[in-house]
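Here is the structure we will look at, set down as structure tokens.
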Amino acid sequence: MSILRHLQHWLSGQGPHLQTTEFVPETHPIRLWADTFPWEAMVEAVTPSFAQRFPKKRAKGGRVPVAPRMLLALELLKHELGESAEGICQRLRTDVAVMYACGIREVQAEGSTAYFVLPETLVQFRRRIDPDLMDTLVAIQSAAAMAEGLVSPAHLLIDTFPSEQGSQRVTDATTLYKAQKKPFISSSASAAGAPAPPRP
Amino acid sequence: MRGFGRQCRGQGKVFVKLVRQTERHLLDLGASIETWTPEAKDLLHQSPKLGEAQCQRLLRDLAAASDAHRQVVKQSQRLTQGKKLGQCKIVNAYDPTIAPIIKGKSNCPAQFGRKTGILSEPASGFLFAHRVPEGNPSDPSYVLPLLDQVQRAIDRVPSPKRFQVHSLGGDLGVNDSELRHALHTRGILTVGIPTTLEPINPQPSPDEVLDILNASGLNRLRTPHQVHLACASGYSRPVVESHIATVMARGAGEVRYKGLEGAVVQMGMTVMAHNGAVLVRIRQQRLSKRGQKFRRLLGLRCHNVNQINDSYF
């Protein structure tokens, strides 16, 4: 319900009503994958960490920010599906399984809306994750799997592997620069049908 | 993997003249930053119009600019023709935390980049912890921080006493006497870490089990059954390469996010996405026969298909 509240300005269109839980098959790989994560505990770890490190007073009358649950799911899906930030944000708009993984249970969007979540929002979210928070998230996932009796840390193996420093085809800096230069590209379409003012 | 120098780790060609020309320009440009920095700090603190958050942001930017200049100065004093590339040498202009990997292969150029460490469960490939350190430290230095991460995860479980790390397996790279001692102190068997190139005996005799327990000083803490499992796990150590291959297939072979923090976030997210897929496989019982047997010996729960379906409603 809280996620729906966060997305009200996108999902309150005149389009057809869709229940993602009923629409996405129970055996769908993305659904099975998404159901393994302890989302509630992970969001509980993310929210205070961000609030403590980035205390920000939101202007009155502005839009409600995108839920951390959704951004966290998008970031994880990005690595699971091998997508770019733009690609996964577009899939969130069109792929119901991705909507399910992001915690959206009801959709009633309009065709004119270009994005539910802008790529630059995802980039900003990712930049706020620090190593301590990342360790906490992995620990939460491991603890949930252990509590469920699926894995055991009794016998472990260690190894290292090298990773080359590559380059993004579209870097975070490019995404943010594009957003500053042409804010109308990504938000004008959604603003046309939405009752709230466009995202600054 | 990118590398320096010719094959067999020889001396690479460095265009010193070109570097000198570039650095002179940068040094001239940033020469006055040392004198400006204190003045700018004073002015920022005195300015009444700036909010605290804005002031902090500007101070952070100023510190970053000063650090960048300091790095250029330091690097300009290090680059000397004919000298070997050191561990602390900058190999990426945008990220000074990247370093050449110390222990490389003898038949290829020195690798550089990030060296990620992982701690995985042999039966399923679930990754309990990962670490992306600054630079490229030696392999044994990864072990204890990774085990600390696992302990933090165990502490989060409602009944943490149920879970303990019994043994650790690794390759010859982590064969270190001090590390073995530290692991024995924590009650962890090190029979899975080889001392020679010979494979570990997967089925030790009762006498050998007793010797292992006595040598590690854990004969009151660990049981022969646990030693047998530790030997089997150590014998199956190469399976960790398949876990690495799966993580690599998710893009871990190339760090695309910027800086050390970016690398940590990318690896962390990749590890979590990988773990999600592993849990799906466990729930659907899509594991190898060896993995299933190992899970049975560990007393881990096996879900049947009806249980999986019920859990979603």
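Predicted, not measured: the structure shown is a model, and the values here were computed from it.
Of the atoms belonging to F126(B), it is side-chain heavy atoms, and not backbone ones, that fall under 4.5 Å from chain A. For P158(B), the part sitting under 4.5 Å from any heavy atom of chain A is the side chain, from C-beta outward, and nothing else. Only the side chain of L146(B) has a heavy atom closer than 4.5 Å to any heavy atom of chain A. Neither the backbone nor the side chain of V132(B) comes within less than 4.5 Å of any heavy atom of chain A. Looking at I244(B), only its side chain comes within 4.5 Å of chain A, counting heavy atoms on both sides. Contacts of T116(B) with chain A are made by both backbone and side-chain atoms, with heavy-atom separations under 4.5 Å.
In summary, R128(A) and E261(B) do not engage in a salt bridge, as defined by a charged side-chain N under 4.0 Å from a carboxylate O. Contact check on D35(A) versus R283(B) returns no salt bridge, with no Lys/Arg side-chain nitrogen under 4.0 Å from an Asp/Glu carboxylate oxygen.
At distances below 3.5 Å, at least one donor-acceptor pair connects side-chain atoms of E121(B) with backbone N or O atoms of S152(A). At least one donor-acceptor pair under 3.5 Å links the side chain of R295(B) to the backbone N or O of L150(A). In this structure a side-chain-to-backbone donor-acceptor pair under 3.5 Å is present from Q141(A) to M272(B).
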How far apart are the C-alpha atoms of V138(A) and F128(B), what are their side-chain angles, what is the distance that settles it, and do they pass the side chain to side chain contact (heavy atoms under 4.5 Å, CB included) test? CA-CA 7 Å; V138(A) 176; F128(B) 276 93; over 6 Å; no
